[in-house]
Number of protein chains: 4
Amino acid sequence: MSLTGTRVRDAAVELFAERGFHGTGIRDLAERAGLSSATLYHYMGTKEDLLVSIMTESLERLLKAGERFTGSDPLKRITDLVELHVLTHATHRLETRVVDDEMRALSPDRRGAVVALRDRYEALWQDAIDAGCADGVFHVRAPKVARLALLEMCGGVARWYAPAGPIALEDLALRYAEMALGVLGAAGPPPVFQVDSVRRVQVIVDEIWA
Amino acid sequence: MSLTGTRVRDAAVELFAERGFHGTGIRDLAERAGLSSATLYHYMGTKEDLLVSIMTESLERLLKAGERFTGSDPLKRITDLVELHVLTHATHRLETRVVDDEMRALSPDRRGAVVALRDRYEALWQDAIDAGCADGVFHVRAPKVARLALLEMCGGVARWYAPAGPIALEDLALRYAEMALGVLGAAGPPPVFQVDSVRRVQVIVDEIWA
Amino acid sequence: MSLTGTRVRDAAVELFAERGFHGTGIRDLAERAGLSSATLYHYMGTKEDLLVSIMTESLERLLKAGERFTGSDPLKRITDLVELHVLTHATHRLETRVVDDEMRALSPDRRGAVVALRDRYEALWQDAIDAGCADGVFHVRAPKVARLALLEMCGGVARWYAPAGPIALEDLALRYAEMALGVLGAAGPPPVFQVDSVRRVQVIVDEIWA
Amino acid sequence: MSLTGTRVRDAAVELFAERGFHGTGIRDLAERAGLSSATLYHYMGTKEDLLVSIMTESLERLLKAGERFTGSDPLKRITDLVELHVLTHATHRLETRVVDDEMRALSPDRRGAVVALRDRYEALWQDAIDAGCADGVFHVRAPKVARLALLEMCGGVARWYAPAGPIALEDLALRYAEMALGVLGAAGPPPVFQVDSVRRVQVIVDEIWA
DNA sequence: AATGAATGAGGCTTCATTCAT
DNA sequence: TATGAATGAAGCCTCATTCAT
């Protein structure tokens, strides 16, 4: 994408996250991007196109990363997914918030495709949870509820985490992994080499979000 | 409140929850309430006044209910708070979503009072968590993170729970209480008489939301 | 007029003078009169009716007073008219301002009657000026201009005179009488018994505005 | 200013003068300017901004012209000021009426700056009058009243003068100069070369209003 | 006598978008 | 690539007025 195109996209991510899609005007976008509102239209379709592309890109990356974890055992898988979710929501706070909060702003005919992506991503979680339950590793009575609870819990990071704050990114991911296993009633001792796990996930994130 | 006034408020709750504050127009409100847009203004101040009153009322109720639990031991207290939060977010899904999602739509000079209410409510949670950690009942390394995670997790219920769906309200509350204790690393056997706990909380909710 | 009716009229006079007819809302009137806006309509027709009645009453009084002076010699007549105009504009500042400033707010079909009244009043001035010129008492090259100039000059009093201020009412009237004679190029010494003149005019004003 | 910008300004001057600020709607302005009401906003800020700019420009010109006269003797100075005021009010009737009549329509926070300009202009008059009194050239007992009376008298021209009417512009200015000296009780014979005076003032007006 | 409720029309202003340059 | 100009639709809100009670 062109340098200016990136400026437009960044402006949109910032403002959609801060004020919401409907709370952001074209003029706001133009000002933030340092352009006139007419010029904006050289770099985007409609305002909604911009929203869709932000969401799509973000979800595709998340999905791409999440798919790297299929194959491993459920506990490892869910741990990786939690770490992935937390790391991305902590380091790409704005765009993840747009994805999580602005779905309702999509018009009916654009919503389908985006929701489908999100559903595929969430299916990765559900599969891991269900597999863990089947294996007797997790103990939850309502696995779907657990998925929803975990996603809300982990996604919330984007609403408050401050990179410059007192909590290091790796610690954050570890805390959430611990809490997630608590939610799932995971028996037994926590898996070893945890920091390594976070770092491996971070490498994937860095690659896909490059 | 007058019958029509209630219709206006209800319309606002529905639409602000569905489409967001900025996504809801005055004409939408009027249509949903079955009034002309001019008549709307006999029953409200500005659109923002309406939002503020919805939020304030909702938060004051939550706070009032939450304060009933101070005094009991931390584990009981956090269980009650989780059940309160889940029950209210499940049965008053619309207004709780407005509270949780539309804070950013408030203008700077209205935000303070609402945030203060929310902070007082969240302090009830933090106090319970901190007390549980001090007592050795909970095992979390980042108590503030735990509070944020729990609130997001429990509040998420308002986004998906269907009263007519397969999960009974009491079960829902119990599942979340279990998960919350998992998040907090609560040692030992789960407390007995759980259904009774949910029912006692429900009584309080019924009273305050009457 | 009923006591409440008077309150409505007074409110209108005040607000029309302060903010103009178009700058004054029905709600403003109601609030100033201490009534609901619906109740207002028990004491008036439309907002324009109110304006018309204020103007008509004021002009009729002015005309009635002015007509008392016909018959005397031009210099005395114009002096009396100036004193009348100044005294009324100083003591009934608000309603005279409404008359002088809000004529344009009248709809075409109401304007005629009011303008006719004003024209009859101004004719008294023109007659006096013309007679004085014919008598050689006044020396002006454009008598109509002189009339317009004098009326603007004297009417201006309503825009700034403060009854509680440093200038006594009688002095004010005398100063304007002097200035007016200056405008008209009145030769010879000023008429004697000037304070008496003002007082006689004041008596008439008191009677008609009772 | 752009051609269209000028059209907007001209439309505003016309309508504010005819109907008053509050009597003029945005749609009226747009129609008169031959634009849509949305396009109007490319050429102005708010409706009040438009009013302020009209007033400010007009007053700044008046002030600039008036300051050219400082230095000369009081009788000459006041004559020049009267001629300036009359000429401008006769040839720029609309904008001067806006300045004289719409001050009250300004919101409190915009009024200050405009009133300050007007006060500086009126101070030029007061200074000339006071100096003439000190020199014994004028004979007025209330110099401030004289200033107010003169300004009202001369400004009134904008309310009735018709350029195509029977009175030539120069004559008008001369008549008002004569009347003004009458108001001020100026002793002695009138200054000679009067027409030249008007013409010199007209040159200044032409330059500044170019 | 008094008013709460109601409204169509209109208040000023901004919306997202297009297009000629 | 960039933007001033343009606009129909809509934004929130107030207008003057009526009417049932």
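These values consider heavy atoms only, across backbone and side chains, with no hydrogens, waters or symmetry-generated copies. Everything numeric here is computed off the predicted structure, so don't read it as measured data. Quick note on labels: first sequence line is chain A, next is B, and so on, each numbered from 1.
Taking the C1' atoms of five terminal pairs at each end of the helix from E:dA2-F:dT21 to E:dT21-F:dA2, the two resulting helix axes are inclined by 0°, rounded to 10°.
Side-chain N or O atoms of C:Asp28 include one that pairs as donor or acceptor with a backbone N or O of C:Gly25 at under 3.5 Å.
With sequence neighbours left out, B:Thr56 forms a side-chain contact (heavy atoms from CB on, under 4.5 Å) with B:Val52, B:Glu60, B:Val114, B:Leu117. For B:Thr6, the side chain to side chain donor-acceptor pair (under 3.5 Å) test picks out no residue, with sequence neighbours left out. A:Arg7 pairs by the side-chain contact (heavy atoms from CB on, under 4.5 Å) definition with A:Leu3, A:Thr4, A:Leu35, not counting sequence neighbours. Under the side chain to side chain donor-acceptor pair (under 3.5 Å) criterion, A:Arg118 pairs with no residue at all, not counting sequence neighbours. Here A:Val99 pairs with A:Met55, A:Ser58, A:Leu59 under the side-chain contact (heavy atoms from CB on, under 4.5 Å) rule; sequence neighbours left out. Partners of B:Tyr41 under the side-chain contact (heavy atoms from CB on, under 4.5 Å) rule, at least two apart in sequence or in another chain, are B:Ile26, B:Met44. Contacts of D:Ser107 classified as side chain to side chain donor-acceptor pair (under 3.5 Å), with partners at least two apart in sequence or in another chain: D:Glu48, D:Asp109. Every residue two or more places apart in sequence or in another chain was checked for a side chain to side chain donor-acceptor pair (under 3.5 Å) with D:Arg97, and none qualifies.
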Expected list for residues 13-21 of chain A: side-chain donor-acceptor pairs under 3.5 angstrom, two or more places apart:
from: A:Glu14; atom 1: OE1; to: A:Arg32; atom 2: NH1; distance (Å): 2.5

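Heavy-atom contacts of chain D under 4.0 Å fall on DNA chain F between two terminal nucleotides, which in 5' to 3' order are F:dA5 to F:dG8.
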_Contact state string [nucleotides 10-16 of chain E, B base, S sugar-phosphate only, - no protein heavy atom under 4.0 Å]_ = -BBBBBB
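Taking the nucleotide of DNA chain F with the nearest heavy atom to each of D:Ser36 and C:Thr39, the more 5' of the two is matched to D:Ser36.
What separates CG of C:Leu35 from P of E:dA1 is a distance of 12 Å, to the nearest Å. Atom CG in C:Leu40 sits roughly 13 Å away from atom C1' in E:dA1 (whole-Å rounding).
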